[in-house]
Amino acid sequence: MAVSCSLRHDSGISESEVCAVIVTFNAVAEQVESTVRRLSTMGAHVVLIENGSEAPAAAAITDIGETTQAEVIKLSANLGIAAAQNIGIQYAVSVGASFVLLLDHDSLPAEDMVRKLLDAHQRLTLEGIKIGAVGPVSVDSRTLSKSGFVRLRGVRIARQHCGDCGGVVEADFLIASGSLISIRVLQDVGGMNEGYFIDHVDTEWCLRARERQYRIFGVCDAALFHNLGERVVRIWFGRIRELPVHSPIRNYYIFRNTVLMLKSVPMPFAWRFAHIFRLVQFMTFFVLAVSPRGKRLKLMARGILDGLHGREGPLRNG
């Protein structure tokens with residue numbers, strides 16, 4: 001589906017029906033507080049899932065809860081992003097929310113982002129479309145570059161960028177941060193796969209939703225300021241591309257969880273080929289260009305082996 005430029009209208013759904021679930025882990029308190037205050041101004045419920053941070057960072061999150069009236073749920077250890085999101089979803093159900101908005105701790109929604117997402121969700125629903133999730137355009141806070149939405153073209157994972165008209169773009173999956181999902185859909189599709197711990201949690205959920213005939217959309221005039229990776233590198237590969245660079249341990253999870261998805265998640269052959277090809281690209285890039293190369297290669301190889309053996313959860317003795 002190309003960019004749809006149909007006219008917008010007010011959905012009539014209040015932001016108070018949204019529960020924002022923000023997972024924090026050794027977060028910068030000022031960033032989190034800015035996000036909480038913005039969401040509270042919109043009228044949304046906010047719950048902070050403090051995911052086993054070091055003591056000073058965890059205490060700062062508790063302070064934010066006390067000064068903003070956001071709910072804080074403190075976990076005794078890092079249970080992984082999926083488990084933390086599931087706890088937040090359970091809280092959203094308990095307060096009677098109709099929608100969950102998933103956010104990372106370094107994400108700042110534009111002032112009208114929630115309104116834009118709700119409007120798009122309602123408009124698409126009225127058109128008879130079975131909606132799995134809607135999400136905003138992700139804007140890198142460091143470079144102000146806008147990410148496109150992921151769409152499979154043949155056997156290649158491509159980015160569908162928005163035009164000038166706003167509207168929506170159909171996607172194959174969305175990154176979790178900024179995704180707006182109805183409670184009803186979560187009850188049908190299920191929550192996040194806790195065995196993945198981190199990385200591809202959002203991909204696996206979207207593939208599950210699409211298997212149940214739900215459709216995923218990016219909303220072109222909704223914006224989320226967000227940092228992917230610890231830093232960004234620019235490379236030439238047919239054109240200038242910006243690639244996020246994570247810590248070496250994330251290479252393990254990306255490779256392991258890709259293999260786990262290929263083994264257990266229903267998906268078209270084209271998606272399987274695209275995931276395998278992307279792993280080859282990642283390995284080539286990180287081993288040749290990003291230090292520490294040896295450590296990254298070792299963790300990628302271990303990720304592949306652990307994925308083949310069906311190992312889940314956090315990396316032990318890494």
Side-chain angles (χ1 to χ4, degrees), residues 10-51 53 57-75 81 84-122 131 133-141 147 174-183 185-186 191-192 202 217-228:
D10 191 329
S11 69
I13 302 173
S14 169
E15 286 92 332
S16 64
E17 296 181 52
V18 175
C19 180
V21 175
I22 306 174
V23 178
T24 65
F25 180 71
N26 293 331
V28 177
E30 291 79 5
Q31 290 180 334
V32 177
E33 185 171 2
S34 294
T35 298
V36 171
R37 292 192 181 281
R38 179 161 294 182
L39 290 164
S40 298
T41 299
M42 298 174 190
H45 296 274
V46 181
V47 58
L48 300 168
I49 310 299
E50 211 310 292
N51 199 14
S53 299
I61 297 302
T62 300
D63 290 343
I64 291 171
E66 292 174 352
T67 58
T68 64
Q69 282 74 58
E71 183 72 19
V72 177
I73 298 176
K74 295 183 69 174
L75 307 181
I81 188 74
Q85 288 172 340
N86 284 339
I87 291 168
I89 291 167
Q90 291 168 8
Y91 173 83
V93 171
S94 74
V95 298
S98 300
F99 294 88
V100 166
L101 176 70
L102 300 175
L103 288 168
D104 292 345
H105 64 222
D106 61 352
S107 297
L108 178 66
E111 292 181 355
D112 60 355
M113 186 196 83
V114 176
R115 179 78 266 146
K116 300 284 191 183
L117 294 179
L118 287 170
D119 285 349
H121 191 286
Q122 181 70 357
I131 303 300
V134 293
V137 175
S138 184
V139 183
D140 192 293
S141 304
S147 296
L174 300 169
I175 64 169
S177 193
S179 292
L180 182 79
I181 310 171
S182 79
I183 295 294
V185 170
L186 285 162
M192 306 301 149
D202 40 17
F217 288 88
V219 181
C220 293
D221 57 357
L224 177 75
F225 296 91
H226 179 66
N227 294 338
L228 286 175

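In what follows, every heavy atom counts, from backbone to side chain, and hydrogens, waters and symmetry copies are set aside.
- Counting only distance, with no hydrogens or angles, the side chain of Ser107 and the backbone of Leu103 share no donor-acceptor pair below 3.5 Å.
- Residues that satisfy the ring pair (Phe, Tyr, Trp, His ring centres under 6.0 Å) test with His45, not counting sequence neighbours, are absent from this structure.
- Of the possible donor and acceptor atoms, one in the side chain of Asn86 sits under 3.5 Å from a partner among the backbone N and O of Met192.
- Taking every heavy atom of both residues into account, Leu48 and Ala70 meet most closely at CD1-CB, 4.5 Å.
- Closest heavy-atom contact between Gly65 and Val72: CA-CG2, 3.6 Å.
- The side-chain contact (heavy atoms from CB on, under 4.5 Å) search around Ala27 returns Thr24, Val32, His105, not counting sequence neighbours.
- In plain terms, the two heavy atoms of Ser138 and Ile175 that are nearest each other are OG-CD1, 4.1 Å.
- Judged as a side-chain hydrogen bond (donor to acceptor under 3.5 Å, both in side chains), not a single pair has a partner in residues 59-69 (not counting sequence neighbours).
- With contacts defined as side-chain heavy-atom distances shorter than 4.5 Å, the pair Ser147/Asp140 does not qualify.
- Between Ile64 and Ile61 the shortest side-chain heavy-atom distance falls below 4.5 Å.
- In terms of heavy atoms, Ala120 sits closest to Val219 at CB-CG2, 3.6 Å.
- In plain terms, the two heavy atoms of Gly178 and Pro136 that are nearest each other are O-CD, 3.1 Å.
- Minimum heavy-atom separation, Leu180 to Phe99: CD1-CB, 3.8 Å.
- Within the 3.5 Å criterion, the main-chain N or O of Leu108 finds no donor-acceptor partner in the side chain of Arg38.
- Contacts of Ala60 classified as side-chain contact (heavy atoms from CB on, under 4.5 Å), with partners at least two apart in sequence or in another chain: Ala29.
- Scanning for side-chain contact (heavy atoms from CB on, under 4.5 Å) contacts around Glu15 gives Met42, Val114, Arg115, Leu118, with sequence neighbours left out.
- Counting heavy atoms from C-beta outward, Val139 and His226 have side chains that stay 4.5 Å or more apart.
- Judged purely by atom type and a 3.5 angstrom limit, Ser179 has no side-chain atom pairing as donor or acceptor with the backbone of Leu102.
- Under the side-chain contact (heavy atoms from CB on, under 4.5 Å) criterion, Val28 pairs with Glu30, Gln31, sequence neighbours left out.
- A donor-acceptor pair under 3.5 Å links the side-chain atoms of Ser94 to the main chain of Tyr91, judged by distance alone.
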